[in-house]
Amino acid sequence: MSAEPLSLSRVFQTPLRSIRSAALLGNSSPDRTIRQETSEESCARVQQLGEQRVEAAHKAFQNLQSNRSPYDDISGNSRPRVRLLRLQASGADRLNDFELRTFPLKQSPKYYALSYAWATYVRDCAIQCNGKPLKISAHLLRGLNELESISDFAHKWFWIDQICINQENLKERSHQVRLMRRIYQRAELTVIWLGLNLKPYDEAAQLSQHLYDKKSELEDGQIRLPLRGDASWEQLAEVCSSSWFSRLWTLQEVFLSRKDPKVVYGARVGQLSVLLWAIGILGNKRFESPSGWTLMVDIRPGRNHFGMCTDALSLLCSYPQQFRMTHCDFATALLLARGHGASDGRDQIYGLQGLVQPPRDKDTEWPSALIPDYEKPVVQVYRDATLHIISQTGNLLPWSLVDWGWQGFKDSWPSWVPEYSNAVSMRISDVQLRIDKGSLALQRSRIRASKDRRASIRPSLDANLIIIQGLKLSTVKSTFEVDTKNPASFFHRLEEINECARSANSDNTFNKVFDDIADVFNVRAPLCRIHDFWEYISNEGQNVPNLIYFLRFLKDFDDDVTGNEEVFIEKFLITMRDKSYSNFFVDSGGDVGLGPMNMEVGDVICVLFGGAGLYVLRPVGGDSGLYRLLSECRIRRYMCGESIDALEYGVFKEEWFTIA
């Protein structure tokens, strides 16, 4: 039985103008009825024109002899100035001749700010701006061609970074990046070009609108959808493939738009909020067709990575209109940026500045550590930003992005400085975003290993060292690497962990190890306790702790899992992979913990003030007192500030750790 046809209101305007000339349809007779151009014909026409423009621009680039530049100097003026590009109308006589003008930012005409992915740094096309040649990429020229085919954008002013910033001038790039927040705030709105192949996406647009219009029916997961294999699914999957979604600059460009951003794909214009809603729910909802079959749809590429990006975009796009012009702190911006990337590593910091409101909104008053400077090496940009965030907030949130376990330390890179360009997971800190009085803020989770203690740092003569205060809890006694793709091997590992923990501390009982492992499994029911387990195995006719029954018991406390204990283990191992964990360990006190890859016997487990989780430090050079920060880890009995409480009883003492 086929699904009922979708009766949908159109999400997109039809932007391409009706063909008024019968000659364009192959017949010049004025008596013929002029018909509306189909989507396929519109896209084919626009694409053909675009390829003609790219070919002409390639030839112009090859014949480029003039050194004349259309750029004037806009970086040294006390009044902020910007350049704007005026688009042409589709099919203009002079295809690649544009007007580029400089305006004081506060006196600029109405303009749109373009958001798009560069795709390449190769600029091998030459266009004319004010009669002077300018190099751009073929990818962007195709974008200009598609935008000009839309009547709403023809002859309009646009701010486009590749054109409106002199990319050869590092001083100007630094200056304009500092103005980015104000540039996007003053624009009419942000226009997004997804950079997809020019073809119709009507079915994807209609499906997106259908899902958006049926919000109430989605609450219980029941909604009529097209059948598997329908073109709408394929088209929506292709829309998801755009690199725009994982681009770091996208965050501030969406956040700062004064109105719901418009998104362009298939030479049509739609609303970003509609598209994000459809994409965001597809991986998280179960749907039923009219014939009764169930479909769990996840068309999104790189499920966890892509979902992280679209979740952040959805939050920013749905931000209450009256709060759009506010800000978040830099730690919150870092959290939002997980999974997003930039072709220039320095932009992992500079690309977040538009989300963070500077003091009194004066660009000259940015903290020196955060002022965009493209002459700095990447490691210095990251180091300065990390130290600034920790010093100003007293929070070690950036260290939730540190993970040297999977790739090993770098000699030229301080271990306490996250590689923000590679950071995806934030493990133990488990912070969540919330809206508080018009600002995005971090909501601390229940995990607060250092409680309310702020980070305490001593000055260091070596900029690559950080000296920070904390508590040494224990050392690693044994590690147990887990094959997260092999659930069957996991049973044997748990038996070994149990034996090791009990041999490390003779006071350990099965009850104690049970609590440790149950916590590591992150069983959701708060009432999962050891006496429940004894009752469980008693009901099963057992009187001796048994691993299989133990796993079945844990599974029964997780409402999201159906099936046998191997299904439960498989779900847990997927969680381990998502959080980049691959090791169980037993410490010198007999506690069972969960940690990163490549933990070693002798690694130090500690609480560092200002941190939500525990940290693994690797001693360097014997008794030198120098450490490297490996990553975060988890031990149940220290995650809620128990070690801080034990200070008054002399169980631990405060120490200074020098981390290279």
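Computed from a predicted model, the values in this text were never measured in an experiment.
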Checklist outcome for this item: Here the gap from L471 atom CG to C606 atom SG, rounded to the nearest 0.5 Å, amounts to 8.5 Å

Item to check | Any donor-acceptor pair under 3.5 Å from S503 side chain to C500 backbone | outcome: yes

Item to check | Check: Q469 main-chain N/O paired with E655 side-chain donor or acceptor under 3.5 Å | outcome: no

Item to check | Close side-chain approach of L352 to F330, heavy-atom, < 4.5 Å | outcome: yes

Next on the checklist: Any non-hydrogen side-chain atom of W413 less than 4.5 Å from a side-chain atom of V378?
Outcome noted: yes

Checklist entry - So how far is it from T658 OG1 to R628 CZ, rounded to the nearest 0.5 Å? => result 14.0 Å

Next on the checklist: Taking G610's backbone N and O only, do any of them form a donor-acceptor pair with S450's side chain (distance below 3.5 Å, no angle check)?
Outcome noted: yes

Item to check | Polar side-chain atom of Y350 near backbone of D373 as donor-acceptor pair, under 3.5 Å | outcome: yes

Next on the checklist: When you measure from the side chain of Y382 to the backbone of G345, do you find a donor-acceptor pair of N or O atoms at a distance under 3.5 Å?
Outcome noted: yes

Item to check | Shortest non-hydrogen contact from I635 toward G593 | outcome: CG1-CA, 4.1 Å

Checklist entry - Of all heavy-atom pairs between L396 and A455, which one has the smallest distance, and what is that distance? => result CD2-CB, 3.9 Å

Next on the checklist: Strictly by salt bridge (Lys or Arg N to Asp or Glu O under 4.0 Å), give each pair with a member in residues 382-400 just once, sequence neighbours left out.
Outcome noted: K376-D384

Item to check | Sub-4.5 Å side-chain heavy-atom contact between L647 and E654 | outcome: yes

Checklist entry - Step by step, would you call D591 with R637 a salt bridge (Lys or Arg N to Asp or Glu O under 4.0 Å)? => result CA-CA 8 Å; D591 291 302; R637 70 173 176 139; 2.8 Å; yes

Next on the checklist: Do F584 and T479 have side chains that approach each other closer than 4.5 Å (heavy atoms only, starting at C-beta)?
Outcome noted: no

Next on the checklist: Closer than 3.5 angstrom, by distance alone: can the side chain of W277 be matched with the main-chain N or O of L211 as a donor-acceptor pair?
Outcome noted: yes

Checklist entry - When rounded to the nearest 0.5 angstrom, what is the spacing between CG in D403 and CG in N598? => result 9.5 Å

Next on the checklist: Does S456 form a side chain to side chain contact (heavy atoms under 4.5 Å, CB included) with I468? I'd like the steps, not just the answer.
Outcome noted: CA-CA 6 Å; S456 180; I468 189 165; 5.9 Å; no

Checklist entry - Is it true that a side-chain atom of T250 and a backbone atom of W244 form a donor plus acceptor pair closer than 3.5 Å? => result yes

Checklist entry - Under a 4.5 Å cut-off applied to non-hydrogen side-chain atoms, are I457 and S391 in contact? => result yes

Checklist outcome for this item: Between the CZ atom in R618 and the CH2 atom in W404, the distance rounded to the nearest 0.5 Å is 13.0 Å

Next on the checklist: Y638: which residues meet the ring-ring contact (aromatic ring centres under 6.0 Å, His included) condition with it, sequence neighbours left out?
Outcome noted: none

Checklist entry - Shortest non-hydrogen contact from A449 to V607? => result O-CG1, 4.0 Å

Item to check | From CA spacing to verdict: side chain to side chain contact (heavy atoms under 4.5 Å, CB included), D587, T475 | outcome: CA-CA 6 Å; D587 73 357; T475 58; over 6 Å; no

Item to check | E632-S400 side chain donor-acceptor pair, cut-off 3.5 Å | outcome: yes

Checklist entry - After noting the C-alpha distance and the side-chain angles of N464 and V379, does the key distance pass the side chain to side chain contact (heavy atoms under 4.5 Å, CB included) rule? => result CA-CA 10 Å; N464 289 324; V379 64; 5.8 Å; no

Next on the checklist: With a 4.5 Å cut-off on side-chain heavy atoms, are H340 and L251 touching?
Outcome noted: yes

Checklist outcome for this item: Scanning both residues in full, the closest heavy-atom pair of Y420 with P398 reads OH-CB, 3.6 Å

Checklist entry - Taking atom CG of L608 and atom NZ of K472, what is their separation to the nearest 0.5 Å? => result 13.0 Å

Checklist entry - For L473 and S643, which heavy atoms make the closest approach, and how far apart are they? => result CD2-CB, 3.7 Å

Checklist entry - Are any side-chain N or O atoms of N583 and backbone N or O atoms of P596, one a donor and one an acceptor, separated by less than 3.5 Å? => result yes

Checklist entry - If you take all heavy atoms of L594 and F585, which pair is closest and at what distance? => result N-CE2, 3.5 Å

Checklist entry - Do I466 and L387 touch side chain to side chain, with heavy atoms closer than 4.5 Å? => result yes

Item to check | Heavy-atom donor-acceptor pair, Q353 side chain to L370 backbone, under 3.5 Å | outcome: yes

Checklist entry - Could you go step by step and tell me if L630 and Y615 meet the side chain to side chain contact (heavy atoms under 4.5 Å, CB included) rule? => result CA-CA 8 Å; L630 182 64; Y615 298 92; over 6 Å; no

Checklist entry - Do V616 and S631 touch side chain to side chain, with heavy atoms closer than 4.5 Å? => result no

Checklist entry - Between W656 and R458, is there a cation-pi geometry (under 6.0 Å to ring centre, at most 45° from the normal)? => result yes

Checklist entry - Step by step, would you call E642 with R448 a salt bridge (Lys or Arg N to Asp or Glu O under 4.0 Å)? => result CA-CA 9 Å; E642 293 84 350; R448 297 168 57 231; over 6 Å; no

Checklist entry - Say you draw a straight line from CG of N395 to CD1 of I390; how long is it, rounded to the nearest 0.5 Å? => result 8.5 Å

Checklist entry - Y627 and D603: side-chain donor and acceptor closer than 3.5 Å? => result no

